[in-house]
Amino acid sequence: MADRYDPTQAEERWYRVWLAAGFFRADPASPKKPYCIVIPPPNITGSLHMGHALDNTIQDILIRWKRMDGENALWVPGTDHAGIATQYVVERQLAAEGKSKEDLGREAFVARTWKWKEESGGTIIRQLQRLGASCDWDRLRFTMDPGLSRAVREVFVRLWEEGLLYRGDYIVNWCTRCQTVLSDLEVEHEERDAQLFYIRYGPLTLATVRPETKLGDTALAVHPRDRRYAKYLGKTLEIPSVEGTIRMKVVADQAVDPKFGTGVVKVTPAHDPADFEIGRRHGLEVRQVIGFDGKMNARAGQYAGLDRFECRGRIVEDLERLGLIEKIEPYQHSVGICYRCKTVVEPLVSTQWFVRTKPLAAPAIKAVRSGKIKIIPRGWTKTYYHWMENIRDWPISRQLWWGHRIPAWYCDRDGTVHVSRTDLVRCPECGGPLRQDDDVLDTWFSSALWPFSTLGWPKSTPELERFYPTSCLVTGFDILFFWVARMVMLGLKFMGDVPFHDVYLHALIRDLEGQKMSKVKGNIIDPLDLMDAYGTDALRFTLAALAGQGRDIRFGEDRVEAYRNFANKIWNAARFVLSNLEDYNPAVARAGEPALADRWILSRLATATSKVRKALAAYRFNDAAGALYQFVWHEFCDWYVEAAKLTLYRSDSPLARTRTQKTLVEVLEATLRLLHPFMPFISEEIWQRLRHQGPTIMLAPFPKARSKDLDRSAERDMAVVIALVTAIRNIRGEMRIPPATTLRAVLKPATPRATRLLKAQAALIQALARCDVTVDPRAARPAASAMTIAEGVECFVPLEGLVDLEAERQRLAKEIKKVEEQIAFLQGKLRNREFKAKAPRDVVEREKGRLTEQRTIREKLRVSLGRLGSAR
RNA sequence: AGGCUCGUAGCUCAGUGGGAGAGCGCCUCUCUGACGCAGAGGAGGUCGGCGGUUCGAGACCGCCCGAGCCUACCA
C-alpha cells in the first residue's frame, strides 16, 4: 500500500464495479421496508455546482445508510427540461449561426432542442456519478419523457374538469427579453435608486417613479376619507399635459395611502398590478402604452417606438418645459427583475392560464400541521404556512416553444375551447378547424408531479404502490415555494396522499465573504475541481460536516484539505493494521481476554456508532461527521493504535498480540462501514483488502451499537491512563525536553484501586509517555522534580540535570493559578444558600466534590512549589 | 412595512439551563518503525450591547445595535 491515499483510480474503479453489479437497483417486489428519495431534478443545461454537490451528497448518505441498514432503498434520478434556460441556450447557438428560432419554425426548433438535449443534457448525470451518487440509474427520468408528459396532460385535464384551471386576462410579470410571462416567484426584487417625480395634474399634484406610464393613465385616485380631495371625487378634470389636454376622472380607493407623496395617484391599469386592481374595482379602461418588447406602442403618440426608460427621460423633459414638474426627489424602491436574465420586469396585461391554488393549499397546510409532513429544520414550517395561507393563483402558461404544450384547442368558428388528453383536430362542437394553444406550461408544473410521475403515474405501477409516499425530500430552502409546496398540493390532489414524509431543507453555499457564487462575480468554486484536487470522499465529508448550519454555508477550500488529510489518516491507520496481520489467526484470537485498551476502544466505538445513528436519524449530518472524525482520529489513531504498538512490537505474549490484531481489525472494519455513507470510495477500497463478508461494503450491515461493548469501568480506567500520559507529556513540552529523552516518572496513587490499575498499565503509560514509570503509593517526592496531579494521582518527574528548575516553578505557579480560579468559582457557587436549597442535589454534590478535589490539588501543588524553592 | 435567521477564539463554525468547544491558522519542540496530508505541547474568548426570568444564562424572555434572507399592490 502506498503511504498516501490516491483517490483518483479507486473512485472510478469502484463506481464501475457497483454500477455493473447492479448494487444501486431497487426491487419493488422486495419484501424489505421501502425507503425512497426522488432527486430534485437538475436542469439539463446545468453542470454540477456546489449546491448540487451538497444536495446529492446528503441524499446519497441517507440512501446508502438505509440500504446498508437493510431497507429497500430507491433513489430515483432524473433531469428537468428547464424551459427558459434550455430555450435560451439553443437560441444562442442559433444566433451564432445568424439564425433565429422563427427562421427554423416551431417544429424544427423543438427538434433541434431535443437533439441538443441528447448530446449535452447528460453532463450533469455523469457528474453526479462522479460524486458517487448511488441512484437507480435504470430509472432515469426526464420531465418531457412520454410517461411524464402523459402525467402532465392528465393533471391539466383533470384540473380543468374540476374548475381549478382558468384562462383570463390578467396583469402579469412580463420579461421583455425572454418574451414570456413569469410567476411571482420568478421575479426577484432589488432595491434601486430612483427619482420620485411630483407632477402637476391640473389642480392636483401627484408623485410617481414611472412618468412614462402616464400615457396609459385612465383615472386619478385618492383615499375615500381624504378630506383634502373630497371635493374632486367623481369629477372629471381637464388636465394640460404633454399630449395636450386630457380628461381624468377622480375615484376613491382604499389602496391609496394618504400619507404617501401627495395622497393622489395616477391609475395605469395596464402597467401596474395595484392600478390593475383599482381599475377593476372602478371599471376603468385598460390602456396599454408599452408593448411586449418594452417599447412604447402606437398609443403613445409622439413617444411611440421609444424604449420605456428612454421615454421616461423624454417625458420628464417635456413636462419640465411645460412647467408641470413641481419637484424631483431622490427615491429608493424595489424593482422586479427576471430571475433568469435580470431584465426589469414589465407588468403587462395578457391572456394566461391560471391554477386556482386556494382549494389546493388548504389540504397542503393541513398535511404539515397534522405532522404527516415534517419539515426539517422546524423553523421553515412557519414560512411555509405564511406563504400557503396567502397563496395567489399560479400563472402556468409560458410563451416558449420548449416544454409541454398546453393541451387546449380553440375553435375560431364557434369560439369554443377544448381541453383534451388526446390531440384534437376538429372541433367536437361544430367540426371546424382547431388551433392548439401556442404556449407551453411552466417547468415547475411538471416538476410538481415529480414524486409520482417518476414512479409511473397515471398508470398504476408496483413502484407507486411500493414507494409512494416517498420517505424524504432533500433540497435547498430557496425552492420551498417553487417546488416543495407545489408538490405537496398536487401530490395530495392526485395521489390522495402526501408526496413525502420528511422534507430536509439545507443551507445555500456561499463563498468565504458570504457572497452567492456566480459566474459574473467569478467566485465560483467548482466541485469537480475539488474532487480532482482532494478526492470525492474529502468533498463529501466536508459537505456533510458543513450541513448542519443555518441558511448559509461559507465555503472555504481549506476545510476540504483538512478532510483530505482525514481520508489519508484513515488510509494510514488501515495500512498500519494490514501490515501487522500476516500471522493473524482469528480462531486463536477468540481465546484471548481483552486488555484495558481493547475494552476501551470497543466501548468508544459503540458510543460513536450510536452517535452516528442518532445524528443521521435527526438529519444532523454535521454531528455524524464530527463523531466519526473524533472517533477515528482522536480515539482510534491517537490512542488505540499507539497502545497497540506496545503489544504488537514489545509484548512477549503471542496471545496479547493476536488479541490486539483482532481488536484492530474489528474496529477498523466496523469503522469503515460507519464511514461508508459519507466516504463510499475509500471505505470500499480498504474494506476489500480486509477479510470481509459479502461482495461490497455497500451491502454490508450498517453497524449497531452493542450494549455489551459499553464498558464504563474501562472508560474510567483509560481516562486515568490518558490523563497521566497527557500530564507527563505536558511537563515534557513545557520544560522543553526533547521527545527523544526518556524521562522517569514516579506515580503516587491515592487508592488501592488506582494502585492496581497503574501497576497493570505501567507498561502502557511508559510507552505512550516515553518514560520509565515507578508506581508507589508511599512515594516521597524526589528532589528537583516536576510535579503534577491527574485524576487524583500525583506524578513526579525528576528533572535533575535536565532543565532549569525556574521553568518548573513558573509552570507550577501557572497551574496553581488555574486551580485557584476554579476554587474561587466553586466557593462562590456553594456559598450561595439558594443554590444549595434549590439546585438538584446531584448538582450540589458534584460541585462540592469538585471543590474538595481542587483544594487537594492546590495543597499538593503548593507543597511542591515550596519544596522547589527550598531545594535551591 | 411585516416576518424569519444569524452575531461564540485571527478565520469558518459546533454548542437547545449546571465545569467555554472543534477544524483551520498561529507559537514551541520532534526526521518516534501507519501517516510531516504527521506527532507532542502551548497561546488565544467581557459568548454583539443593555435589562429581565432563574439558585444558576452563551443558551430562555424583552429592548437596542449590526449582518443577511424571505414575503408585500410603498405610487
Side-chain angles (χ1 to χ4, degrees), chain A residues 1 3-5 171 184 189 196 206-210 213 221 255-257 259-268 272-278 331-334 347 377 379-380 382-383 386-387 390 477-478 480-481 508 510 512 514 534 538 545-546 548-556 558-559 561-580 620 622-623 626 629-630 634 637-638 641-642 645 649 725-726 729-740 769-770 822 825-826 829 832-840 842-844 846-847 850 854:
Chain A
M1 277 173 92
D3 63 357
R4 281 193 193 176
Y5 171 60
I171 190 144
D184 290 334
H189 296 274
L196 188 59
L206 56 81
T208 180
V209 288
R210 298 201 63 189
T213 62
V256 182
D257 177 0
K259 289 189 284 294
F260 186 90
T262 59
V264 183
V265 293
K266 59 196 228 24
V267 184
T268 322
D272 184 283
D275 292 5
F276 183 79
E277 295 299 329
I278 296 176
Y331 185 62
Q332 238 208 6
H333 73 149
S334 105
W380 289 108
K382 224 171 164 172
T383 314
H386 182 259
W387 189 76
N390 297 286
F477 65 80
D478 53 325
L480 177 60
F481 307 141
L508 261 32
R510 297 167 181 278
L512 278 179
Y534 304 105
L546 293 175
Q549 293 168 213
R551 304 200 161 193
D552 298 344
I553 294 173
R554 293 181 185 224
F555 192 90
D558 53 354
R559 203 72 191 259
E561 194 183 330
Y563 292 121
R564 184 269 321 261
N565 296 352
F566 179 53
N568 193 52
K569 190 77 181 174
I570 298 165
W571 179 255
N572 273 291
R575 207 156 72 94
F576 170 79
V577 174
L578 284 161
S579 66
N580 282 294
R620 310 217 18 145
N622 58 323
D623 286 350
Y629 186 93
Q630 174 68 22
H634 296 304
C637 291
D638 284 355
V641 166
E642 292 307 316
K645 286 174 184 173
Y649 299 149
V725 170
T726 307
R729 283 173 177 174
N730 174 278
I731 288 171
R732 186 194 289 277
E734 296 259 295
M735 297 294 115
R736 309 275 149 86
I737 302 165
R770 280 207 152 225
Q822 279 294 311
F825 172 74
L826 291 166
K829 210 168 182 178
N832 186 337
R833 291 170 64 186
E834 286 195 284
F835 172 71
K836 281 192 281 190
K838 293 185 183 170
D842 59 318
V843 173
V844 178
R846 196 177 57 211
E847 301 296 351
R850 278 180 192 149
Q854 294 297 315

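Each chain gets a letter, A, B and so on, in the order its sequence line appears, and its residues count up from 1.
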Using the [atom1] atoms only, state how far [M] lies from [N], rounded to an integer number of Å.
N	M	atom1	answer
B:A9	B:U5	C1'	23 Å
B:G56	B:A20	C1'	16 Å
B:G36	B:G45	C1'	30 Å
B:G17	B:U54	C1'	9 Å
B:U71	B:G18	P	37 Å
B:C65	B:C74	P	25 Å

What's the closest nucleotide to the side chain of [X] if the choices are [options]?
X	options	value
A:K382	B:G33, B:C4, B:G18	B:C4
A:E847	B:U12, B:G18, B:G33	B:G18
A:E642	B:C13, B:A34, B:C24	B:A34
A:K645	B:A34, B:C37, B:A14	B:A34
A:F825	B:G15, B:G19, B:G41	B:G19
A:A573	B:A34, B:G42, B:C55	B:A34
A:V209	B:A75, B:U12, B:A14	B:A75

Any base atoms under 4.0 Å from A:A837, or only sugar-phosphate, or nothing? Heavy atoms, all strands.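 Since no nucleic acid heavy atom lies under 4.0 Å of A:A837, the category is nothing.
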State the CG-CZ distance between A:L508 and A:F555, to the nearest 0.5 angstrom.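 Rounded to the nearest 0.5 Å, the CG-CZ separation comes to 14.0 Å.
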Distance in Å, A:Y563 OH paired with A:Y534 OH, rounded so as to fall on 0.5 Å steps: 14.0 Å
Taking side chain as C-beta onward, heavy atoms only, is A:V267 less than 4.5 Å from A:I278? yes
Are side-chain heavy atoms of A:R564 and A:Y5 found at a separation under 4.5 Å?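 Not in contact.
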Heavy-atom nearest nucleotide on RNA chain B taken for A:G556 and for A:E834; more 5' hit belongs to A:G556
To the nearest Å, give me how far apart CG (A:D275) and P (B:C74) are. 11 Å
Is there, by distance only and without an angle test, a donor paired with an acceptor across the side chain of A:R729 and the base of B:G41 below 3.5 Å?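 By the distance-only test, no, there is no pair.
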Donor-acceptor pair present, A:E734 side chain and B:A40 base, under 3.5 Å: no
Distance test, side-chain N/O of A:R575 to OP1/OP2 of B:C35, below 4.0 Å: yes
